[in-house]
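One structure is given below, encoded as structure tokens.
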Amino acid sequence: MEQESFPSHVVVFPFPVQSHVNVMLNLAEIFSLSGFQVTFLIPDHIRKGPRFDQISSRFTRYPGFIFKTISDGLSVNHPRTGDRVKELFDSINATTRPLFRIILKSRSLICNGRAPLTCIVADGIMSFAIDIAKDFDLPTILFRPFSATCFWTLFCVPKLIQAGELPLKGVIFVTILFCIYGLSSSNYAWDSDMEKLVENVPGMEGVLRLRDLPSFCRVEDVSNPQLQHVVSETHRATNAYGLILNTFEDLEESALAHIRANIPKLYVIGPLHGYLRPLQGSKSLSEEDRKCIEWLDDQPLRSVVFVSFGNMTVLNIHQLMEFWHGLLNSGKPFLWVISGNLTTGKCHFPADGSVKKGKVVDWAPQEEILSHPATGGFLTHCGWNSTLESVCEGVPMICWPFYADQQVNSRLVEEVWRVGVDMKDICDRRMVEKMVRELMEVRREEFVKSAQEMARLARKSVSEGGASSVSLDSLVRDIKVMSHGKST
Ligand code: UDP
């Protein structure tokens, strides 16, 4: 006798920071469009946030979609910035991990006529989901909202340690100087070591320097708990049913080939926001200042430098002022997002006439700005979402990476895709001005040409028959196969 068949029911479980939640909402929406029931585990600080009603109204059109709240154990007001990510890791381990088990055990996700659970799609930095889900006979697919190249680099860290390429030398000394005095690290002897090419990340020979390794590698002792955590989480992906990456083949072919050799069920389905364009209103979890669009409308074509460091970067006041003066001295109009988290200091921008060229907002509709005809360049921290959004719109970048995968991404921008310049580890006004001129004047044509080609490839990948689109189809098919024969 044939078993009754239920729709697939996927639990989507993001890491509890804004950018990860946002990109997994996109994934959840794609699942909903594929006819799946989706339970989205939303962090309670975002559920209590100012924009939650708007976000949830985006999903009312999908009757099979529901939110279920889960806590990360930190207070609502905790900044959850990159410099305090250890607190987040610890708190997730102490609070979210047991809560996740309780939620699965309670069977509350399958009451009110909802289908039995098919699988868990969890953020790859929370691989504990694999073991807990296994106890309930559920497969887990991990989603890592990083670049594939960073994932592969972290995967190779044990090899780097074995070969003596890690630990880096002199890191602590320079980091302390950098933090206390806000100094550029470029003048120190340590720097010459940092220029050395990395030899033990296959496929990245001749590209990555020690300086370009993920920020977690900037420790003097390789037993550093944070480094150990991200590396072991990366390896744990081999224990999952499969791995989803938000990138596309033409962008990161080499790293993807190496990952695939270790993780055969690899779904390369990005850029995710590329599938959803016609459906979108604003998706932001923060209140956006839409007046900046009117300001942009008044600027000449391709003249404006958009400046945003995402939601997890922290600048000291010295760095903030160096960016400010560098931008002013470049003479180009700029639109800068300075969110409440960006600096712990107090900004005192000079109120002279020259400031007319710049506009500062708390939070902006970034995707809309990148696609605006007045936007000519993007000064970015190279968070993976920002990088992908810029690639998709064909906007050249100036990169100032802060942490995690950003050091790797910025190297790809400059050295592999050739769509911008990388000013990592240097933060002085002369350099900022020089980089802006290089991007907007001196090498403009070269950058725009390669950026437009990358944008074309990005669009192709998510269009019908494109590599990402085909991979997404196989992900949807595999999930449907999992749900065959499930019973309550
Ligand atoms: N973002 C936005 N408005 C802003 C600044 C950023 O909507 O004013 C969005 C941006 O479009 C991107 C996300 O915030 O999707 C930032 O993610 P990313 O991975 O680049 O950086 P993170 O915040 O994780 O450091």
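One is the number of the first residue; the rest follow in order along the sequence.
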Please work out whether the ring planes of Trp336 and Phe334 are parallel, tilted or perpendicular, with thresholds of 30° and 60°.
perpendicular

For a quick test of reading the model, state the closest non-hydrogen atom pair linking Ala240 to Leu142 and the distance between them.
CB-CG, 3.8 Å

Judged by atom type as modelled, is there a donor-acceptor pair below 3.5 Å linking the side chain of Thr149 to the main-chain atoms of Ala255?
no

Does atom CG of Asn112 have more than 12 heavy-atom neighbours, drawn from other residues, nucleotides or ligands, at distances under 6.0 Å?
no

Pairs involving residues 146-157, ordered by first then second residue, that meet salt bridge (Lys or Arg N to Asp or Glu O under 4.0 Å) (sequence neighbours left out):
none

Does Glu288 form a side-chain contact (heavy atoms from CB on, under 4.5 Å) with Glu368? I'd like the steps, not just the answer.
CA-CA 11 Å; Glu288 291 166 344; Glu368 199 176 332; 5.9 Å; no

So CD1 of Ile259 and CZ of Phe151: to nearest 0.5 Å the spacing works out to 5.5 Å

Without swapping roles, check the side chain of Arg51 against the backbone of Ile46 for a donor-acceptor pair under 3.5 Å.
no

According to the salt bridge (Lys or Arg N to Asp or Glu O under 4.0 Å) rule, which pairs have a member within residues 458-478, sequence neighbours left out?
Lys265-Asp478

Where the side chain of His229 meets the backbone of Lys86, is there a donor-acceptor pair that is under 3.5 Å apart?
no

Taking salt bridge (Lys or Arg N to Asp or Glu O under 4.0 Å) as the cut-off, I'd like each qualifying pair that reaches into residues 403-414, sequence neighbours left out, listed once.
Asp212-Arg411, Arg411-Glu414, Arg411-Glu415

Side-chain donor or acceptor of Ser463 paired with backbone N/O of Gly466 under 3.5 Å:
no

Could you please spell out the steps behind the side-chain contact (heavy atoms from CB on, under 4.5 Å) verdict for Phe155 and Thr238?
CA-CA 10 Å; Phe155 203 91; Thr238 55; 4.0 Å; yes

Kindly give the heavy-atom pair with the smallest separation between Val408 and Cys150, and that separation in Å.
CG1-N, 4.0 Å

Those residues that, when tested against Arg302, pass side chain to side chain donor-acceptor pair (under 3.5 Å) (two or more places apart)
none

For residues Ser371 and Glu393, is any side-chain donor paired with an opposing acceptor at under 3.5 Å?
no

Just jot down the side chain to side chain contact (heavy atoms under 4.5 Å, CB included) partners of Ser339, sequence neighbours excluded, or say none.
Asn311, Asn341, Leu342, Trp363

Point-to-point distance, once rounded to the nearest 0.5 Å, from NZ of Lys424 to CZ of Arg211
8.0 Å

Donor on one side chain, acceptor on other, Ser483 and His9, under 3.5 Å
no

Salt bridge (Lys or Arg N to Asp or Glu O under 4.0 Å) contacts in which one or both residues fall within residues 242-253, not counting sequence neighbours:
Glu249-Arg260

For residues Thr69 and Arg47, is any side-chain donor paired with an opposing acceptor at under 3.5 Å?
yes

My understanding is that only residues two or more places apart in sequence, or in another chain, count here; which of them pass side chain to side chain contact (heavy atoms under 4.5 Å, CB included) with Asp362?
none

Mind checking the OG-CD1 spacing from Ser461 to Ile269? Nearest 0.5 Å is all I need.
10.5 Å

Treating Ser471 as the side-chain partner and Ser468 as the backbone partner, does any N or O pair qualify as donor plus acceptor under 3.5 Å?
no

Arg144 with Glu233: basic N within carboxylate O range, under 4.0 Å:
no

Which residues share a side chain to side chain contact (heavy atoms under 4.5 Å, CB included) with Asp131, sequence neighbours left out
Arg236

If every non-hydrogen atom of Ile263 is compared with every non-hydrogen atom of Ala237, which pair is closest and at what distance?
CD1-CB, 3.8 Å

List the atom of Ala364, the atom of Val361, and the distance in Å for their closest heavy-atom pair.
CB-CG2, 4.0 Å

Determine the sole option in Val432, Ile338, Val307 for which the side-chain contact (heavy atoms from CB on, under 4.5 Å) test with Phe323 is passed.
Val432

Does the side chain of Pro396 reach to within under 4.5 Å of the side chain of Ser450, using non-hydrogen atoms?
no

Inspect the contact between Glu294 and Lys291 and indicate whether a charged nitrogen and a carboxylate oxygen are less than 4.0 angstrom apart.
no

Taking the inter-plane angle between the rings of Phe13 and Phe128 on a 0 to 90° scale, is it parallel (under 30°), tilted (30 to 60°) or perpendicular (over 60°)?
perpendicular

Can you measure from CZ (Phe216) to CD (Gln407) and round to the nearest 0.5 angstrom?
9.0 Å

Qualifying residues under side chain to side chain contact (heavy atoms under 4.5 Å, CB included), relative to Asn224, sequence neighbours excluded:
Val219, Gln226, Leu227

Could you tell me whether the side chain of Trp152 and the main chain of Pro202 form a donor-acceptor pair under 3.5 Å?
yes

Distance (rounded to the nearest 0.5 Å) between Leu25 CG and Ile55 CD1:
6.5 Å

Can you check whether Phe67 and Phe52 have ring centres sitting under 6.0 Å from each other?
yes

Closest non-hydrogen atom pair between Val157 and Cys217, with its separation:
CG2-SG, 4.1 Å

Could you give the distance from CG (Leu27) to CG (Asn22), rounded to the nearest 0.5 Å?
12.5 Å

Could you walk me through whether Ile479 and Cys119 pass the side-chain contact (heavy atoms from CB on, under 4.5 Å) test, one step at a time?
CA-CA 7 Å; Ile479 292 176; Cys119 67; 4.2 Å; yes

For a quick check under 3.5 Å, do Tyr275 and Glu29 share a side-chain donor-acceptor pair by atom type?
no

Establish, from distance only, whether the side-chain atoms of His273 and Asn246 form a donor-acceptor pair under 3.5 Å.
no

Partner set under side chain to side chain donor-acceptor pair (under 3.5 Å) for Thr380, not counting sequence neighbours
none

Show your reasoning for whether side-chain contact (heavy atoms from CB on, under 4.5 Å) applies to Thr118 and Lys480.
CA-CA 8 Å; Thr118 307; Lys480 282 184 179 161; over 6 Å; no

Contacts of Lys105 meeting side chain to side chain donor-acceptor pair (under 3.5 Å) (sequence neighbours excluded), chain-then-number -> none

Taking Ser8 for its side chain and Phe36 for its backbone only, find out whether a donor-acceptor pair lies under 3.5 Å.
no

Quick one: does any side-chain atom of Ser106 pair with a main-chain N or O of Ile103 as donor and acceptor, under 3.5 Å?
yes

Please confirm whether the backbone N or O of Ser386 pairs with a side-chain atom of Ser390, one donor and one acceptor, at under 3.5 Å?
no

Checking the side chain of Thr81 only, and the main-chain atoms of Thr313 only, is there a donor and an acceptor separated by less than 3.5 Å?
no

Contact summary for Ala148 and Leu245, nearest pair of heavy atoms:
CB-CD1, 3.9 Å

Over 60° means perpendicular and under 30° means parallel, so classify the ring planes of Trp400 and Phe309, tilted if in between.
perpendicular

Which residues satisfy the side chain to side chain donor-acceptor pair (under 3.5 Å) test with Ser308, sequence neighbours excluded?
Gln366

Run the salt-bridge test on Lys359 and Asp289 with the 4.0 Å N-O cut-off and return the result as yes or no.
no

